[in-house]
Amino acid sequence: DYGVISQMFSANLPEESYFEVTNEQNAVIYATSNYGIAYDSKKYVANTFYAENVGWTFQMLIPAKYYLADIQRASLVNGIFIGAIILCAICIMTVLLSKLTEEITILRNKMTELSDGDLNVQYVVRENDEIGQMGATFNQMVGRISELMDKVAQEEKQKRAAEMAFLQAQINPHFISNVLNNVVWMAKIQHADN
């Protein structure tokens, strides 16, 4: 009953499909309504099966767009998914880079303040990453520079105090008396009575 075959395949095959049953003499036993369709490998996917027990050959041509629709849909979904992942990665990378460059900019500004002579500048270490370690090292360097500046100022103070003590010692009346006595003796030796 070809009607059963027709109903079975028309219900299960996609539109524009071609189904054909031929016997051993290549006579068409059954074909769908679009009988004699020209096979084009770009438009159709072909499948052939030979049933040895009855000697029939079954041939199906299914439109390639039927298979490609699922592939295209999957490709579109994958493309959107990959695009969303890339967009998320770009957003995360942008946030991380802006945070990183912000911390580097803050550290650079603190260094500029130090180079302008502000020895009270300090970098606030927020995290224990490379930039945080650089900031901690910067703070130690500023502290060491402050200590050295205080030490140099203290040594300069002590030096000035020693010079003042020396000058005061030279002005001491005893020193003046000795100098005047030396002048008198030099004058007597040179017979400079005036």
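Because only heavy atoms are used, hydrogens play no part in the values below, and waters and symmetry mates are left out as well, while side chains stay in.
You'll find the side chain of V28 stays beyond 4.5 Å of the side chain of V21, heavy atoms only. Between T57 and E24, the closest side-chain pair of non-hydrogen atoms is not below 4.5 Å. At a threshold of 4.5 Å between non-hydrogen side-chain atoms, the residues R73 and I71 do not count as touching. Looking at heavy atoms from C-beta onward, I62 lies out of side-chain contact with N47 at the 4.5 angstrom threshold. In this structure, the side chains of I145 and L119 come closer than 4.5 Å at one or more pairs of heavy atoms.
Counting heavy-atom neighbours within 6.0 Å of M149 CE, excluding the residue itself, gives a total of 12 or less. Surrounding CZ of F138 are more than 12 heavy atoms belonging to other residues, nucleotides or ligands, all under 6.0 Å away. Heavy atoms of other residues, nucleotides or ligands lying less than 6.0 angstrom from CD of E130 number 12 at most.
Listed here is the closest heavy atom pair of V125 and G135: CG2-C, 4.1 Å.
Applying the side-chain contact (heavy atoms from CB on, under 4.5 Å) test to M134 and every residue at least two apart in sequence or in another chain returns L107.
A distance of 10.0 Å separates NZ in K157 from CG in D150, rounded to the nearest 0.5 Å. Atom-to-atom distance recorded for D118:CG and E113:CD is 6.0 Å, nearest 0.5 angstrom. Rounding to the nearest 0.5 angstrom, the gap separating the CD atom in Q140 from the CD atom in E147 is 10.5 Å. Note that the CD atom of E52 and the CZ atom of F49 stand 8.5 Å from one another [nearest 0.5 Å]. A distance of 5.0 Å separates CE in M141 from CG in L114, rounded to the nearest 0.5 Å. Residue Q72 holds its CD atom at 11.0 Å from NZ of K65, rounded to the nearest 0.5 Å.
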For residues 78-104, dump all side-chain donor-acceptor pairs below 3.5 Å to protein atoms at least two apart in sequence or in another chain.
| residue | atom | partner | partner atom | Å |
| --- | --- | --- | --- | --- |
| N78 | ND2 | A74 | O | 3.3 |
| T94 | OG1 | I90 | O | 2.7 |
| S98 | OG | T94 | O | 3.2 |
| S98 | OG | V95 | O | 2.8 |
| K99 | NZ | E127 | OE2 | 2.5 |
| T101 | OG1 | L97 | O | 2.9 |
| T101 | OG1 | S98 | O | 3.1 |
| E103 | OE1 | Y123 | OH | 2.5 |
| E103 | OE1 | R126 | NH1 | 3.3 |
| E103 | OE2 | R126 | NH1 | 2.4 |

